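I have placed the structure first, in the form of structure tokens, so that the comments after it can refer back to it.
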Amino acid sequence: MHFHLPRVQSFTHIVEQVRDAMKHYKTEKESEAHQIFRKAGGHQPKGLPQTVNPDEETVPGIEHPGSTGVIYCSDRAMANGFSYTSSHDWANLGQGAPEVGPLPGAPERPNTISIPLDSLEYAPTTGVKALREAVAHLYNHTYREGKNSQYTYENVCIVPGGRSGLSRIAAVIGDVYTSYQIPDYTAYDQVLSAFKRLVPVPTALDPKNKYKLDIEQTKKDIRNQGLAVILASNPRNPTGQVIRGHDLKELVSLSREGTTVILDEFYSWYIYPEHNSDYGKSISSAKYVEDVNQDSVVIIDGLTKNWRLPGWRVCWVIGPKNLVTALSQSGSFLDGGANHPLQLAAIPLLDPLHVQAEKIALQKHFKTKRDHVLARLHALHLDVDIPPSSTFYIWLNLEKLPAPLNNGLTFFEELLKEQTIVIPGIFFDINPSHRRNLFNSPCHHFVRLSFGPPMADLDKGLDAIDRVLKKAKKVGMKEFGQG
């Protein structure tokens, strides 16, 4: 009888196999990318000593709140050679801002600003009255024609940026259970961490259901858990999905049953229609509000995304009059109000005819960019599980890639070496206590790609992704996840 034993491999080859297997790590401590993340200020699990650099920890009582995804990723990019003076050398697919230049068919970009003498004074903390009136008129014209209850300037508070609006709102919310979803906008993590009176209650959205918010389950949670506030982006960052129609109407109806609904609507124009007749249409919960002073619906929006003017820092919060008076008070000690001359310059930009032209041009241009990026990702065998129908983000699942490239943090670090920035998915896991092992996060295998930048930058970033994948195929995984 003869036995055929397998050929014994060399000891060196066995060692290489073991090392390669170790790359398939499953805990944070085995991954350099994850250790870099944890060492950044405010990213350690809450309740543990927050030591970043002993030379920096010199102010008693000060605690790092943790950085938003874009800030952390920018810091890591600078550690890899990125600088704002030479940013054209990089592809920033992580940016949460749209391109700001001219678009085909769009109105001319603002290029001069008048500065009347009176505008050198402080503006009211609720904003310039004429701008508040323009915002109210635009919402009434777009979403509330024929309704008895109409917004007035008293329902509008002008704020210096969306995060300022969120902070003002958070500062006036009492000790209540606040519902939020995973994944969602990264700044909610810091808001829910910093404002201690908000008790965060998470809901994990199911990718099998296209990250749809289950309104019936939300109603049960309100009854069973006593949820007093629901916080959500719509359209949704980072998944590119949108709550609309009946679902949005039902969500708004919760505001008439004792729950405050706060909706971040910064991407309300970034809706990509299938039919030409639908260009120029946008989404807002304002359409389904019955009484503007009784329905506890709070809307946050501004010039940042839709008007493509992120540098102006002119935004607004819309809600019942009583909310606006509270926001005036919180604004007086949080931020002092928005830039006075730029508020005045914003007024003509809210003219409904101007807005309609902007919407149509924006939707056509960004839909073209979306389709281009999806086609290129398909060519790279990186098909998007749930393509975006709104926003300018793609929520890309890396799970089918070999480890360690299949997790967002390592993929991000490897792209930095190719002068490209993306946002790791874990930043959209709103996890205020930061206790969860990052490898257990439902967002761990994702990155967010932005198609906000110009087309040339998108191609530069996609070329970098192509290079990383080709390198992985050529040399294997042993060179990834280090350095």
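In this text, all values refer to a predicted model and were calculated from it rather than measured experimentally.
- Aromatic ring centres of Phe439 and His34: separated by under 6.0 Å.
- Here the CG-CD distance, from Asn140 to Gln150, works out to 4.0 Å after rounding to the nearest 0.5 Å.
- Side-chain contact, Gln241 with Ser390: no donor N or O sits under 3.5 Å from an acceptor N or O.
- In this structure, Leu449 and Leu377 have side chains that are in contact, with non-hydrogen atoms separated by less than 4.5 Å.
- Ring planes of His137 and His141: tilted class, angle from 30 to 60°.
- Proximity of Pro238 to Tyr185: side-chain heavy atoms (C-beta onward) are nowhere separated by under 4.5 Å.
- Not less than 6.0 angstrom separates the ring centroid of Trp307 from the ring centroid of Trp312.
- Checking Thr420 against Lys460 by side-chain atom types alone, no donor-acceptor pair falls below 3.5 Å.
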Are Thr391 and Arg236 close enough, and set up right, to give a side chain to side chain contact (heavy atoms under 4.5 Å, CB included), and what steps lead you there? CA-CA 7 Å; Thr391 74; Arg236 304 190 67 81; 5.8 Å; no
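- For Asn237 and Arg448, the side-chain atoms include at least one donor-acceptor pair closer than 3.5 Å.
- In this structure a side-chain-to-backbone donor-acceptor pair under 3.5 Å is missing from Gln225 to Leu227.
- Note on Glu257 versus Lys219: no salt bridge recorded, every NZ/NE/NH1/NH2 to OD/OE distance being 4.0 Å or above.
- In this structure, Asn224 places its CG atom where more than 12 heavy-atom neighbours from other residues, nucleotides or ligands lie under 6.0 Å away.
- Ion pairing of Asp291 with Arg256 is absent here, as no side-chain N (NZ or NE/NH1/NH2) approaches a carboxylate O to less than 4.0 Å.
- Under a cutoff of 6.0 Å and an axis angle of 45°, Lys364 and Tyr279 form a cation-pi pair.
- No hydrogens or angles considered: a donor-acceptor pair under 3.5 Å links the side chains of Thr126 and Arg132.
- Using modelled atom types and a 3.5 Å distance limit, the side chains of Ser233 and Asp264 yield no donor-acceptor pair.
- Salt-bridge check for Asp459 with Lys369: failed, with every basic side-chain N at 4.0 Å or more from each acidic carboxylate O.
- In terms of modelled atom types and a separation under 3.5 Å, the side chain of Lys196 and the main chain of Ser193 share a donor-acceptor contact.
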Side chain to side chain contact (heavy atoms under 4.5 Å, CB included) for Ile262 and Ile299? Distances and angles first, verdict last. CA-CA 6 Å; Ile262 303 171; Ile299 298 168; over 6 Å; no
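- Annotation: side chain of Lys212 is in contact with side chain of Asp247 (closest heavy-atom distance under 4.5 Å).
- Under the 4.0 Å criterion applied to side-chain N and carboxylate O atoms, Glu413 and Arg76 are assigned as salt-bridge partners.
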Checking Leu350 against Trp316 for the side chain to side chain contact (heavy atoms under 4.5 Å, CB included) test, could you report, in this order, the C-alpha distance in whole Å, the side-chain angles of both residues, the deciding distance, and whether it holds? CA-CA 12 Å; Leu350 274 75; Trp316 49 81; 4.1 Å; yes
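- Taking a cutoff of 4.0 Å between a charged side-chain nitrogen and a carboxylate oxygen, Glu290 and Lys147 do not qualify as a salt bridge.
- Here the shortest heavy-atom pairing between Leu93 and Leu462 reads CD1-N, 4.4 Å.
- Remark: aromatic rings of Tyr272 and Phe366 are distant, center separation not under 6.0 Å.
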Audit row: Asn397, His445, side chain to side chain donor-acceptor pair (under 3.5 Å) steps and yes/no: CA-CA 6 Å; Asn397 188 354; His445 292 288; 5.7 Å; no
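- Counting all heavy atoms, side chain and backbone alike, Ser282 lies closest to Tyr143 at OG-OH, 2.7 Å.
- Between Pro454 and Glu99 there is a side-chain heavy-atom pair separated by less than 4.5 Å.
- Looking only at distances, a side-chain donor or acceptor of Asp351 sits under 3.5 Å from a matching main-chain atom of Leu353.
- With Thr259 contributing its side chain and Ser255 its backbone, the two residues share no donor-acceptor pair below 3.5 Å.
- Looking at Val468 and Ile465, their side chains never come closer than 4.5 Å, going by heavy atoms from C-beta outward.
- Taking the side chain as every heavy atom from C-beta outward, Phe428 and Ile182 never approach each other to under 4.5 Å.
- Between the CG atom of Leu131 and the CG atom of Leu344 there is a distance of 8.0 Å, given to the nearest 0.5 Å.
- A 4.5 Å side-chain heavy-atom check between Thr218 and Thr203 finds every atom pair outside the cut-off.
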For Phe412 and Ile423, what are the C-alpha separation, side-chain angles and deciding distance, and is it a side chain to side chain contact (heavy atoms under 4.5 Å, CB included)? CA-CA 7 Å; Phe412 157 72; Ile423 306 294; over 6 Å; no
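- Under a 3.5 Å cut-off, the side chain of Tyr270 and the backbone N or O of Lys305 do form a donor-acceptor pair.
- Between the side chains of Ser268 and Asn306, at least one donor N or O sits under 3.5 Å from an acceptor N or O.
- Side-chain atoms of Asn293 and Asn322 form no donor-acceptor pair, as typed in the model, at a separation below 3.5 Å.
- With Phe446 as the partner, the ring pair (Phe, Tyr, Trp, His ring centres under 6.0 Å) test is satisfied by one option alone out of Phe411, Phe427, Trp395: Trp395.
- A side-chain donor from one of Thr410 and Asn407 sits under 3.5 Å from a side-chain acceptor of the other.
- Checking Tyr393 against Thr239 by side-chain atom types alone, no donor-acceptor pair falls below 3.5 Å.
- Taking all atoms of both residues into account, the shortest heavy-atom contact from Gln181 to Ser179 is NE2-OG, 3.9 Å.
- What you find for Leu362 and Trp269 is that their closest heavy atoms are CD2-O, 3.9 Å.
- In this structure, CZ in Arg370 is found 6.5 Å from CG in Leu374, a value given to the nearest 0.5 Å.
- Salt bridge status for Asp278 with Lys281: present, with a side-chain N to carboxylate O gap under 4.0 Å.
- At distances below 3.5 Å, at least one donor-acceptor pair connects side-chain atoms of Asn155 with backbone N or O atoms of Thr152.
- Aromatic rings from Tyr151 and Tyr153 are positioned such that their centres are separated by 6.0 Å or more.
- By the neighbour-count criterion of 12 heavy atoms within 6.0 Å, atom NZ of Lys287 is sparsely surrounded, having that number or fewer from other residues, nucleotides or ligands.
- To the nearest 0.5 Å, atoms CG (Asp301) and SG (Cys315) are separated by 7.5 Å.
- Heavy atoms only, all atoms of each residue included: Leu138 and Pro352 are closest at CD1-CA, 4.2 Å.
- Under the rule for a side-chain hydrogen bond (donor to acceptor under 3.5 Å, both in side chains), Tyr177 has no partner lying at least two apart in sequence or in another chain.
- Residues Arg168 and Asp335 meet the side-chain proximity criterion, which asks for heavy atoms closer than 4.5 Å.
- Side-chain N or O atoms of Arg313 include none that pairs as donor or acceptor with a backbone N or O of Asn339 at under 3.5 Å.
- Rounded to the nearest 0.5 angstrom, Asp184 CG and Leu231 CG are separated by 7.0 Å.
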Check against side chain to side chain donor-acceptor pair (under 3.5 Å), Asp221 and Gln217: CA-CA 6 Å; Asp221 292 342; Gln217 183 60 48; 3.0 Å; yes
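- Contact record, Leu409 with Pro424: CD2-CG, 3.8 Å, taken as the closest heavy-atom pair.
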